[in-house]
Amino acid sequence: MGECGEYRCWEELLPDALGLIFRNLPLREVLTVVPRVCKSWSRVVAGPYCWQEIDIEEWRQQQGKPEQLVRMVEMLVARSCGSCRRISVSGLPGDPLFSFIGDHARALKTLEIPRSEISDAAVESVAPRLPNVTFLDISSCTKIGARALEAFGKNCKSLVGLRRVMHPTDVAGKACQHDEARAIACTMPRLRHLEMGYMVIATEAVLDILARCRDLRFLDLRGCWAVDDKFLQERHPGLRVLGPGVDDCFENSYLEECSDYSDDSSVYSWELMDDDDDDDYYAVGSDDEAIWDDGQGLENLEVRFYGGGFSESYAGFDWPPSP
């Protein structure tokens with residue numbers, strides 16, 4: 001770095017360092033404000049440095065247009081240049097976007113896509129492209145079932161965390177989901193954290209999982225009224241079981257328990273873009289700004305409260321109380 005007197009040359013920081021800093025800013029500021037500061041910052045935002053982790057759930061809850069969601073996910077995943085290790089966004093509108101993620105984010109370790117409109121067939125096609133996934137949230141994905149769980153289990157060999165929490169309306173009319181429990185038991189032997197809130201299962205299905213997933217440390221069964229939790233505790237005294245009664249809050253220690261989870265995304269080395277492209281990076285009025293729709297007033301604002309991540313403090317927080 002050159003000498004800058006009493007001032008710090010922030011624009012001369014390594015792109016990886018700038019990426020770590022920008023990741024702490026709101027998504028909108030990263031995409032529309034930071035690129036205007038200087039060319040070096042614009043190159044960082046346009047490249048993969050900021051996008052090893054893509055969490056747009058907060059932005060997703062503030063807008064409800066599927067076409068905007070598709071554009072945002074495709075843009076950020078493309079910018080990651082295959083380096084993305086975490087994607088967190090709810091409500092993928094269909095199979096094409098899920099397939100796009102599989103094609104361009106094969107380094108993924110954490111995939112959180114609750115309430116997404118994906119199908120069993122799409123999962124069977126995409127799962128082989130996601131071999132590195134260790135944490136998976138497919139809560140309230142009502143169009144998938146045992147086939148999808150089996151595909152994830154067979155292809156994501158290192159899977160240690162699964163969140164398959166349903167809402168009572170998701171399972172209304174279902175006789176049982178023992179086939180899904182069976183798929184989990186047969187294909188996910190390394191699980192250490194499993195959330196199955198409100199799935200229609202009985203004690204026998206849970207025992208099948210416990211017999212095969214011997215590393216399991218935490219099991220969320222809130223809303224699984226047919227499960228005898230006392231019997232489980234007698235058979236597996238070392239297992240932390242939450243439910244089937246519904247609590248409002250539960251202390252989260254999941255990430256501490258799963259010690260192989262790494263949040264260190266600073267060890268990356270990327271070549272800078274060609275100087276000939278500087279003018280493109282510094283352009284104002286690009287598609288980044290087009291994604292933001294400021295025309296909606298407060299009267300059209302939709303407020304949603306969802307659980308997120310692998311946190312017991314969120315899972316089932318807005319579900320109905322115990323009967």
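Computed over heavy atoms, backbone and side chain alike; hydrogens, waters and symmetry mates excluded.
Annotation for Gly145 and Asp120: closest pair N-OD1, 2.9 Å, computed over non-hydrogen atoms. Closest non-hydrogen pair, Ser90 versus Arg60, comes out as O-NE, 3.1 Å. Across every non-hydrogen atom of Leu108 and Arg85, the tightest pair is CD2-C, 3.5 Å. Pairing each heavy atom of Pro244 with each of Val227, the nearest pair is CG-O, 3.7 Å. Minimum interatomic distance between Phe231 and Leu207 (heavy atoms only, all atoms of both residues): CE2-CD1, 3.5 Å. Closest heavy-atom contact between Pro93 and Pro66: CB-CB, 4.0 Å.
Residues that satisfy the ring-ring contact (aromatic ring centres under 6.0 Å, His included) test with Phe100, not counting sequence neighbours, are His104.
From Ile118, atom CD1 reaches atom CG of Leu92 across 7.0 Å, with rounding to the nearest 0.5 Å. If you take CZ on Arg190 and OG on Ser158, they are separated by 5.0 Å, rounding to the nearest 0.5 Å. Atom CD of Gln177 is separated from atom OH of Tyr198 by 13.5 Å, given to the nearest 0.5 angstrom. If you take CD on Glu150 and CZ on Arg182, they are separated by 10.5 Å, rounding to the nearest 0.5 Å. Taking CZ from Arg163 and CG from Asp137, the interatomic distance works out to 5.0 Å, rounded to the nearest 0.5 Å. Note: Ile209 CD1 to Ile184 CD1 = 5.0 Å, rounded to the nearest 0.5 Å.
Of the residues listed (Asp220, Val165, Leu219), the one engaging Met196 in a side chain to side chain contact (heavy atoms under 4.5 Å, CB included) is Leu219, and it is the only one.
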Next on the checklist: One pair to check against side chain to side chain contact (heavy atoms under 4.5 Å, CB included): Leu232 and Val206. What are the steps and the verdict?
Outcome noted: CA-CA 9 Å; Leu232 294 180; Val206 178; 3.7 Å; yes

Next on the checklist: Run Ile56 and Leu69 through side chain to side chain contact (heavy atoms under 4.5 Å, CB included) and show every step you take.
Outcome noted: CA-CA 9 Å; Ile56 59 174; Leu69 175 63; 4.1 Å; yes

Next on the checklist: I'd like to know whether Val126 forms a side chain to side chain contact (heavy atoms under 4.5 Å, CB included) with Arg129, so could you lay out the CA-CA distance, the side-chain angles of the two residues, the decisive distance to 0.1 Å, and finally the verdict.
Outcome noted: CA-CA 6 Å; Val126 173; Arg129 294 173 249 166; 3.7 Å; yes

Next on the checklist: Walk me through whether Trp41 and Val30 qualify under side chain to side chain contact (heavy atoms under 4.5 Å, CB included).
Outcome noted: CA-CA 10 Å; Trp41 285 21; Val30 173; over 6 Å; no

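No side-chain donor-acceptor contact under 3.5 Å links Asp208 to the backbone of Ala181. Judged purely by atom type and a 3.5 angstrom limit, Asp95 has no side-chain atom pairing as donor or acceptor with the backbone of Leu97. The main-chain N or O of Ala183 is found under 3.5 Å from a side-chain atom of Thr187 such that the two form a donor-acceptor pair. Between the side chain of His236 and the backbone N or O of Gly238, no donor-acceptor pair lies under 3.5 Å. Under the 3.5 Å distance criterion, the side-chain polar atoms of Asp55 are left unmatched by any main-chain donor or acceptor of Ile87. Looking at Ser80, its side chain does come within 3.5 Å of a backbone N or O of Val77 through a donor-acceptor pair. Checked by atom type and distance alone, the side chain of Arg164 pairs as donor or acceptor with a backbone atom of Cys141 at under 3.5 Å.
Residues Ile138 and Ile144 form a side-chain contact, since some pair of their non-hydrogen atoms from C-beta on lies under 4.5 Å apart. Considering only heavy atoms from C-beta on, Ile54 stays 4.5 Å or farther from Ser88 through its side chain. Using a 4.5 Å heavy-atom cutoff, the side chains of Thr110 and Val133 are not in contact. Counting only heavy atoms from C-beta outward, the side chains of Leu239 and Leu210 approach each other to under 4.5 Å. You'll find the side chain of Val123 stays beyond 4.5 Å of the side chain of Arg147, heavy atoms only. Counting only heavy atoms from C-beta outward, the side chains of Met75 and Arg79 approach each other to under 4.5 Å. Taking 4.5 Å as the limit, some side-chain heavy atom of Leu221 sits within range of a side-chain heavy atom of Ile201. Annotation: side chain of Trp51 is not in contact with side chain of Cys84 (no heavy-atom distance under 4.5 Å).
No donor-acceptor contact under 3.5 angstrom links the side chains of Asp170 and Thr142, judged on distance only. Checking Ser83 against Gln52 by side-chain atom types alone, a donor-acceptor pair falls below 3.5 Å.
Salt bridge annotation for Lys230-Asp228: absent, with no cationic side-chain nitrogen under 4.0 angstrom from a carboxylate oxygen. Of the charged side-chain nitrogens involved, at least one lies within less than 4.0 Å of a carboxylate oxygen, so that Glu117 and Lys143 count as a salt-bridged pair. Ion pair Glu195/Arg222 not flagged as a salt bridge, since none of the NZ, NE, NH1 or NH2 atoms sits closer than 4.0 Å to an Asp/Glu carboxylate oxygen.
Between His193 and Phe218, the angle of the ring planes stays under 30°, which puts this pair in the parallel group of the 30/60° scheme.
Applying the 6.0 Å contact sphere to CD of Gln233 captures more than 12 heavy atoms from other residues, nucleotides or ligands.
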